[in-house]
Amino acid sequence: MVNLAIAFPLLLVALTAVAIYVQVTSSTLSLPISTGTTVLTIILPFLAAANVFYTPLLQRYLQKNVRSLALQHLSPVALQIIQGVLTVVLATLAAQGFVPGQLLECSLEGKWMGMWRAQDGRSIQRIQDAFNCCGLRSIKDRDWPRDQCRKSYPSRQDSCLAPWSASMQRSSGLEFGVVVAVGILQLIHLALFRLRNSGGARARGGYRRLVQSIGADPRQGLLENGAAEVAEVDEGDQAAGNNGANGNSRGYGTTEDSPNHRIEPSLLGEDGNTWARH
């Protein structure tokens with residue numbers, strides 16, 4: 001069985017590495033992916049790790065130092081809610097980037113047009129060099145240098161829309177996969193945390209039933225199985241000692257299995273009978 005204490009951190013490190021790759025690719029190829037979403041995707045695995053490792057510690061701290069039951073229960077849950085909301089928002093935004101359709105094409109068109117109007121030739125040339133293409137929809141459609149890409153690179157025969165769109169879908173799909181994986185890990189953590197807490201509650205319930213079955217002495221509370229067995233052995237030894245004491249107090253002239261009768265001297269001869277008649 002895989003050790004979860006080792007597998008969980010390794011998986012979070014792998015997810016963080018994928019999120020960093022998405023950020024670098026998005027920045028290099030000027031993909032229409034918000035920098036805020038890629039940065040939050042990088043932070044999300046660390047937030048999940050903090051929830052896993054610090055939620056039990058926080059709960060124990062609140063139980064020892066805070067008397068409010070509402071605060072004890074709501075504080076750990078609030079961290080999970082924040083992570084859950086962030087996961088849903090990031091997954092929704094990432095899904096818009098890898099689903100083919102008019103929305104994806106419009107986002108790519110708007111990004112290229114913004115670079116063209118800002119005369120950001122450096123970003124456009126990076127895209128053209130990465131995919132060995134010229135222009136967006138055709139080799140003469142807003143290429144860079146202006147109307148010179150085909151002349152400068154005669155070997156380039158394709159436009160950049162198709163490969164650029166594929167890179168956008170791949171990066172958004174990886175981002176979506178990271179977010180969903182972190183969400184699944186959160187659900188597993190919540191299930192294990194709930195199972196552990198319910199197991200502790202059942203154990204405390206068993207202690208209460210044991211105390212109720214023993215008697216009214218409050219000092220005997222919360223007896224564990226080993227203590228209960230010791231108590232039973234002590235009671236057996238005490239009972240055996242009482243039986244031995246009773247057997248030794250029967251006196252002489254009796255057998256062990258017969259009742260304890262007194263031995264009285266009988267009347268001696270006729271004198272005894274005469275005395276009885278008078």
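Computed from a predicted model, the values in this text were never measured in an experiment. The residues of the chain are indexed from 1 along the displayed sequence.
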Donor-acceptor pair, side chain of [X] and main chain of [Y], under 3.5 angstrom:
X	Y	answer
W164	L29	yes
Q128	W144	yes
T92	V88	yes
S27	Q23	no
S26	V22	no
R126	T28	yes
S165	A162	no

Starting from [Y], can I reach [X] by hopping between I/L/V/M/F/W/Y residues whose side chains sit under 4.5 Å apart?
X	Y	value
V13	Y21	no
L90	L185	yes
L174	L44	yes
M168	V24	no
V179	I20	no

Once rounded to the nearest 0.5 Å, what's the spacing between atom [atom1] of [X] and atom [atom2] of [Y]?
X	Y	atom1	atom2	answer
L108	L31	CG	CG	8.0 Å
L10	L15	CG	CG	11.0 Å
T38	I43	OG1	CD1	9.5 Å
Q96	I33	CD	CD1	11.5 Å
E109	L104	CD	CG	12.0 Å
D147	D141	CG	CG	10.5 Å

For this session: Evaluate the side-chain proximity of W116 to R146: yes if any heavy-atom separation is below 4.5 Å, no if none is.
Result: yes
Exercise. Considering only heavy atoms from C-beta outward, does the side chain of Q83 approach that of V182 to under 4.5 Å?
Worked result: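 Contact flag for Q83/V182 side chains = yes.
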For this session: Look at the rings of F98 and F176 and say which category their plane angle falls in: under 30° parallel, 30 to 60° tilted, over 60° perpendicular.
Result: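 Tilted: the ring planes of F98 and F176 meet at 30° to 60°.
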For this session: Determine, step by step, whether Q157 and I139 satisfy the side chain to side chain contact (heavy atoms under 4.5 Å, CB included) criterion, reporting the C-alpha distance in whole Å, the side-chain angles of both residues, the deciding distance to 0.1 Å, and the verdict.
Result: CA-CA 7 Å; Q157 304 292 330; I139 58 176; 5.6 Å; no
[X] and [Y]: which non-hydrogen atoms are nearest, and at how many Å?
X	Y	answer
V18	V178	CG1-CG2, 3.6 Å
P154	R150	O-NH1, 2.8 Å
S167	F131	CB-CZ, 3.8 Å
S172	A94	CB-O, 3.6 Å
K111	P32	CB-CB, 4.1 Å

For this session: Let me see the working for C160 and C134 under disulfide bond (SG atoms under 2.5 Å apart), right down to the final yes or no.
Result: CA-CA 6 Å; C160 298; C134 288; over 6 Å; no
Exercise. For I127 and M115, what are the C-alpha separation, side-chain angles and deciding distance, and is it a side chain to side chain contact (heavy atoms under 4.5 Å, CB included)?
Worked result: CA-CA 11 Å; I127 298 172; M115 293 185 295; 3.8 Å; yes
